[in-house]
Protein chains: 2
Amino acid sequence: MPDDHSHCGHDCPDHPIDGALEILRAEGLRVTEPRKAMLTILAREHGPFSADELHKRMGKAGCDVVTIYRSLQAMEEVGVLRRCDFGDGVYRYEFNHGEHHHHHVICRVCRSVETLDVCVADSLERMARQKGYQKVTHTLEVFGVCPKCAE
Amino acid sequence: MPDDHSHCGHDCPDHPIDGALEILRAEGLRVTEPRKAMLTILAREHGPFSADELHKRMGKAGCDVVTIYRSLQAMEEVGVLRRCDFGDGVYRYEFNHGEHHHHHVICRVCRSVETLDVCVADSLERMARQKGYQKVTHTLEVFGVCPKCAE
DNA sequence: TTTCGTGCAAAACCTTTGCAAAGTG
DNA sequence: CACTTTGCAAAGGTTTTGCACGAAA
């Protein structure tokens, strides 16, 4: 169950993208075709995806990759997206589901991604806050060699 | 106590660099001046440092940055160093103290680094192994705005 | 209409690669 | 001596920036 929207089709009325668009408006960001297309892909295919991967998936709704970079950054800043770092020099983005947040296991060989639906870093965040840090966040990714690649 | 070598000077006989050099030899890597210089800096100042930061710190013992990149990679592969990823597009390295491993709090403003001497990701690694992954590792870094930058 | 987003081209950045020369064991 | 490592130069790949044009509220 890496995708909690599996109960609905692509046109599910309360699809997360609507909430995301509202946040954009509330934050003074504009709702544009490229942004809607990007969010739709991220909502449907879950990701996380890099700018380049998104670009390739946006067939006719395609826009320049630069626009994707800029929009991903803008949408991350207002909390609509979350940036993942798999340590290969490429940033990937996925929907930010707020507190209900999870992590990934990345296969070092085939680069496949599986979701681990738990987070154990609360105690670390708490420690950081006790040391006086504000706006504390964290990144946590697990790496390994997946069963298929291990034979 | 972010640095557990604070009890000794730079020439402490059982300084970690000696053990590191032995590992290099045992793995068939050569012990060269640039490598010794890099390890000395990492042992003394703890790090983690990027290739560029190391390069700047290696005054007269300086070598090409490319050599640093290659050596860091080689020494990471044999387990002497550990690579950290602070999500800013730059890789940093520090000594690998084996199982006794820790994490960092990175200030998003001034980029200062503090050590959190705990690791809580064992349960996640276990989950990954149960899913059939092998050679499981993880990265975990905490970000925030440090007290000095928060005013 | 005013402000923000986009496209295109070019730059910035960090990291990697190729090859001949030098160093290590 | 055989093999690894280094330096230099150049390439690679991802992400960012500048600026004029176009689109959203």
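Protein chains get the first letters and strands the later ones, always in sequence-line order, with residue 1 at the start of each.
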Query - Nucleotides bounding contact with chain A, strand DNA chain C, heavy-atom threshold 4.0 Å - result: C:dT3 to C:dA9
Query raised in the report: Are the side chain of A:Y91 and the backbone N or O of B:G87 linked by a donor-acceptor pair below 3.5 Å?
Result: yes
Requested in this report: With the side chain counted from C-beta on, respond yes when A:V109 and A:K148 share a heavy-atom pair under 4.5 Å apart, and no when they do not.
Outcome: no
Query - Hydrophobic cluster of A:V113, others only, ordered by chain and residue number, side-chain cut-off 4.5 Å - result: A:F86, A:I106, A:F143
Requested in this report: Select from A:E33 and B:L29 the residue whose nearest nucleotide in DNA chain D is closer to the 5' end of that strand.
Outcome: B:L29
Report task. Mind running side-chain contact (heavy atoms from CB on, under 4.5 Å) on A:T139 and A:D85 for me, showing each step along the way? Result -> CA-CA 8 Å; A:T139 69; A:D85 187 338; 5.6 Å; no
Query - Inter- and intrachain pairs under salt bridge (charged side-chain N to carboxylate O under 4.0 Å, His left out), touching residues 46-63 of chain B, at least two apart - result: B:E45-B:R57, B:D52-B:K56
Query raised in the report: Mind checking whether B:F95 and B:V118 sit in one hydrophobic cluster, side chains of I, L, V, M, F, W, Y counted as touching below 4.5 Å?
Result: no
Report task. Could you label the plane-to-plane angle of the A:H102 and A:H104 rings as parallel, tilted or perpendicular, counting under 30° as parallel and over 60° as perpendicular? Result -> perpendicular
Report task. Please state whether the rings of B:H103 and B:H138 are parallel, tilted or perpendicular, taking 30° and 60° as the class boundaries. Result -> tilted
Query raised in the report: Would you call B:R25 and B:E22 a salt bridge, using N to O less than 4.0 angstrom?
Result: no
Report summary line: Per nearest nucleotide of DNA chain C, the residue lying toward the 5' end, B:V31 or A:A74, is A:A74
Requested in this report: Using a cut-off of strictly less than 4.0 Å, decide whether B:R30 has a side-chain nitrogen or oxygen near OP1 or OP2 of D:dC3.
Outcome: no
Query raised in the report: At how many degrees, to 10°, do the end axes of the helix from C:dT1-D:dA25 to C:dG25-D:dC1 meet when each uses five pairs?
Result: 50°
Query raised in the report: Mind checking what makes side chain to side chain donor-acceptor pair (under 3.5 Å) contact with B:Q134, not counting sequence neighbours?
Result: none
Query raised in the report: Rounding to a whole Å, what distance do you find between B:L24:CG and D:dC3:C1'?
Result: 16 Å
Report summary line: Under a 4.0 Å heavy-atom criterion, the protein footprint on nucleotides 13-18 of chain D, written with B, S and -, is -SBBBB
